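None of the values given here were measured: they were computed from a predicted structure.
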Amino acid sequence: MERTWRWFGKNDRITLAMLKQIGVEGIVTALHDVPLGEVWTREKISELREYIESFGMRWSVVESLPVVETIKYGGPDRDEQIEVYKQSLRNLSAEGIHTICYNFMPVLDWARTDLRHENPNGSTNLYFNYAEFAYFDIYILKREGAREEWASFRFPQGYGEGRDVLSEADALAKTMTPEKDHDLVESIVIKTQGFVSGNFKEGDEAPVQKFRDFLSLYKGIDKAKLRANMKYFLDAIMPTCEECGMNMCVHPDDPPIEILGLPRIVRTEEDIRWLLEAVPNRHNGLTFCAGSLSAGAYNNVVEMAREFAPRTHFVHLRSCHIFPNGDFTEASHLGGRADIIELVRIFEKENPSLPMRVDHGMTMLGDEEKGYNAGYSFLGRMFALGQVQGIIATVDRELGIEYKQPGFFD
């Protein structure tokens, strides 16, 4: 597998020179300075590609070329925005970049309630607490119908037995302070969305009201309608993908649960099967994010990998641990529910040149002082990459595949 790394451009505190030293081959990035809904020009793409190549690496995957909200909810200007998207695809292809990781999650990209949850070894990880998220939904966002939805919420099989999330949220309301509310908004809305989706950013005034405004765009949009809108988008761009050799690989919903009254349509085996069958073109594929999928107790991640490997264009190797009460956290890359060792076997057999990146590493050994984006530490991800490189090397020897060692003499 090609060892790649998500890098947030020239303003990223993690430099390409640092990544070259740790054996990274491919860069996963985007034009983060281009406003949502504007064409990525060939000139800007070329400038960044050449900069990456000057460090001996290649721009391997775009993550992401954002699908703007109007395409997702079917707004009046969606056809115009689809044309913008198609032109960006053509420009990327002209610069030799052919893999696009994107998502079709309404409003939120990925969601966590605690970005620095302490692990037993003293490092920290991303964490999702259902009661805190319900408190945000009911008491901060004040979403219509939220209380009733959380009153009927049930955990998947084997987890959260007897847990009353609504009662826990009500109990939290008695202890929360304005400062704690602010921290929760930062975790759910600002620090996890601003650098990935573009909908929110540091310094936004009234981010909660802005969040409500985005939610209102999806009034009346259920699962069937969101599926129809996704199919409309993919059908529209597939001729361009054929023309340019572009592989679209959707990222699963993270977490793979329905939240905030929004439909989520890429969270289960059935969802992914529907997507690939609804648009059977080979350029319509999957980003197999083992972490997102393993956060869903109903997902058998290994079996899903076996089924969907032929349509997988990009892999995120990480793993989640679900606690008995249903809350979940990022796990060690050698632990959790994902079984990364077996996933490497599956994907190496299918396509040994598949781009792979580790994801959501621990914050450790001073990472917390560097101002890295949430979930994207340097030392934590470097540690994870070392673990995964060892897995790949071992599996390659087992399968008789020549392992390309990251060395000093290339």
(request) For the pair R267 and S292, evaluate side chain to side chain donor-acceptor pair (under 3.5 Å) and give the outcome as yes or no after the intermediate values. (result) CA-CA 8 Å; R267 64 190 187 94; S292 299; over 6 Å; no

(message) Side chains of N229 and R78 only: does a donor on one sit below 3.5 Å from an acceptor on the other?
(response) yes

(request) Can you see which heavy atom on L31 is nearest to which on W40, and at what distance? (result) N-CH2, 3.4 Å

(message) If we ignore hydrogens and angles and just use 3.5 Å, is the side chain of H360 paired with the main-chain N or O of G375 as donor and acceptor?
(response) no

(request) Output, in order, the C-alpha distance, side-chain angles, deciding distance and verdict of side chain to side chain contact (heavy atoms under 4.5 Å, CB included) for D109 and D254. (result) CA-CA 7 Å; D109 194 290; D254 186 10; over 6 Å; no

(message) Can you see whether N91 engages Q87 through a side-chain donor-acceptor pair at a distance of less than 3.5 angstrom?
(response) yes

(request) Decide, yes or no, whether a salt bridge links R227 with D271 under the criterion of side-chain N to carboxylate O below 4.0 Å. (result) yes

(request) Indicate yes or no: at least one non-hydrogen side-chain atom of V301 is less than 4.5 angstrom from one of F288. (result) yes

(message) Between E350 and P310, is there a side-chain heavy-atom distance shorter than 4.5 Å?
(response) yes

(request) Return yes if some donor-acceptor pair links the side-chain N/O of N247 with the main-chain N/O of T99 below 3.5 Å, else return no. (result) no

(request) In sequence, state the C-alpha distance, the side-chain angles, and the governing distance for V107 and L215, and then conclude on side chain to side chain contact (heavy atoms under 4.5 Å, CB included). (result) CA-CA 7 Å; V107 185; L215 286 179; 4.2 Å; yes

(message) Is there a side-chain contact between L365 and F383 in this structure, where contact means two heavy atoms from C-beta onward sitting under 4.5 Å apart?
(response) no

(message) To check you understand the geometry: which heavy-atom pair defines the closest contact between L293 and P252, and what is its length?
(response) CD2-CB, 3.9 Å

(message) Before you tell me yes or no, could you show the steps for K223 and E258 under salt bridge (charged side-chain N to carboxylate O under 4.0 Å, His left out), namely the whole-Å CA-CA distance, both residues' side-chain angles and the distance that decides it to 0.1 Å?
(response) CA-CA 10 Å; K223 181 175 183 176; E258 293 182 353; 5.4 Å; no

(request) Hey, could you give me the CG/CG distance between L385 and L379, rounded to the nearest 0.5 Å? (result) 12.5 Å

(request) Supply the atom-to-atom distance W59 CH2 to L48 CG, rounded to the nearest 0.5 angstrom. (result) 4.5 Å

(message) Whether R318 and E330 form a salt bridge (side-chain N of Lys/Arg under 4.0 Å from carboxylate O of Asp/Glu) is what I want to check.
(response) yes

(message) If only side-chain N and O atoms count, and only distance matters, is there a donor-acceptor pair under 3.5 Å linking S60 with E2?
(response) yes

(request) Taking D77 for its side chain and E80 for its backbone only, find out whether a donor-acceptor pair lies under 3.5 Å. (result) no

(message) Strictly distance-based, threshold 3.5 Å: is any side-chain N or O of H321 a donor or acceptor partner for the main-chain N or O of A295?
(response) no

(request) Measure across A305 and I346 and return the closest heavy-atom pair with its distance rounded to 0.1 Å. (result) O-CG2, 3.8 Å

(message) Under a 4.0 Å threshold between the charged nitrogen and the carboxylate oxygen, would R42 count as salt-bridged to E95?
(response) yes

(message) Determine whether H283 and M248 satisfy the following criterion, side chain to side chain contact (heavy atoms under 4.5 Å, CB included), listing intermediate values before the conclusion.
(response) CA-CA 6 Å; H283 293 290; M248 297 294 296; 5.9 Å; no

(message) Nearest 0.5 angstrom please: R264 CZ to I259 CD1, how far?
(response) 4.0 Å

(message) Looking only at side-chain N and O atoms, does Y135 offer a donor or acceptor that is under 3.5 Å from a partner on N129?
(response) no

(message) What I'd like to find out is whether the side chain of D181 reaches to under 4.5 Å of the side chain of F136, using heavy atoms alone.
(response) no

(request) Determine yes or no for a side-chain-to-main-chain donor-acceptor pair under 3.5 angstrom, with S93 supplying the side chain and L89 the backbone. (result) no

(request) Decide, yes or no, whether a salt bridge links K349 with E398 under the criterion of side-chain N to carboxylate O below 4.0 Å. (result) no

(message) When you measure from the side chain of H316 to the backbone of D359, do you find a donor-acceptor pair of N or O atoms at a distance under 3.5 Å?
(response) no

(request) Without swapping roles, check the side chain of R3 against the backbone of G23 for a donor-acceptor pair under 3.5 Å. (result) yes

(request) Any chance you could measure M57, atom CE, to I52, atom CD1, to the nearest 0.5 Å? (result) 8.0 Å

(message) Whether the side chain of R163 engages the backbone of N325 through a donor-acceptor N/O pair (distance < 3.5 Å, no angle test) should be reported.
(response) yes

(message) Under a 4.0 Å threshold between the charged nitrogen and the carboxylate oxygen, would K86 count as salt-bridged to E83?
(response) yes

(request) Just do the salt bridge (charged side-chain N to carboxylate O under 4.0 Å, His left out) check on K10 and D33 with the steps written out, would you? (result) CA-CA 10 Å; K10 294 179 182 179; D33 59 331; over 6 Å; no

(message) Strictly distance-based, threshold 3.5 Å: is any side-chain N or O of Y232 a donor or acceptor partner for the main-chain N or O of G74?
(response) no

(request) In sequence, state the C-alpha distance, the side-chain angles, and the governing distance for D183 and R116, and then conclude on salt bridge (charged side-chain N to carboxylate O under 4.0 Å, His left out). (result) CA-CA 11 Å; D183 289 346; R116 292 280 178 84; over 6 Å; no

(message) To check you understand the geometry: which heavy-atom pair defines the closest contact between L262 and P106, and what is its length?
(response) CD1-O, 3.5 Å

(request) Could you verify whether a donor N or O on one side chain and an acceptor N or O on the other, from N125 and H117, lie under 3.5 Å apart? (result) no

(message) Centroid separation under 6.0 Å, is that true for the rings of F378 and Y376?
(response) no

(message) Taking the basic N atoms (NZ, or NE/NH1/NH2) and the acidic carboxylate oxygens, is any pair closer than 4.0 Å for D339 and R345?
(response) no

(request) State which residue, out of F328, Y159, Y127, Y130, fulfils the ring-ring contact (aromatic ring centres under 6.0 Å, His included) condition with F323. (result) Y127

(message) Salt bridge check, R273 against E270: does any charged N sit closer than 4.0 Å to a carboxylate O?
(response) no

(request) State the CG-CG distance between N281 and L276, to the nearest 0.5 angstrom. (result) 11.0 Å

(request) Kindly give the heavy-atom pair with the smallest separation between G335 and A331, and that separation in Å. (result) C-CB, 4.1 Å

(request) Before giving the answer on salt bridge (charged side-chain N to carboxylate O under 4.0 Å, His left out), spell out for E132 and K180 the whole-Å C-alpha distance, their side-chain angles and the decisive distance to 0.1 Å. (result) CA-CA 11 Å; E132 290 179 354; K180 291 179 179 179; over 6 Å; no

(message) Are the side chains of L65 and Y102 in contact, using a 4.5 Å heavy-atom criterion?
(response) no

(request) First locate atom CZ of R212, then atom CD of E144, and finally report the distance between them rounded to the nearest 0.5 Å. (result) 12.5 Å

(message) Quick check: closest heavy atoms across M304 and I272, and the distance to 0.1 Å?
(response) CE-CD1, 3.8 Å

(request) Indicate whether any N or O donor in one side chain lies under 3.5 Å from an N or O acceptor in the other, for E269 and N299. (result) no

(request) In plain terms, say whether E63 and R6 are close enough for a salt bridge, that is, a side-chain N and a carboxylate O under 4.0 Å apart. (result) yes

(message) If you define the side chain from C-beta out and look only at heavy atoms, does anything of V388 sit under 4.5 Å from I392?
(response) yes

(request) Please step through ring pair (Phe, Tyr, Trp, His ring centres under 6.0 Å) for the pair F214 and Y218, ending with a clear verdict. (result) CA-CA 7 Å; F214 274 116; Y218 288 87; 8.6 Å; no

(message) Could you walk me through whether M105 and V266 satisfy the side chain to side chain contact (heavy atoms under 4.5 Å, CB included) test, starting with their C-alpha distance in whole Å, then the side-chain angles of each, then the deciding distance to 0.1 Å, before giving a yes or no?
(response) CA-CA 8 Å; M105 291 180 261; V266 192; over 6 Å; no

(request) Kindly say whether K370 contributes a backbone atom to a donor-acceptor pair with the side chain of R13 at under 3.5 angstrom? (result) yes

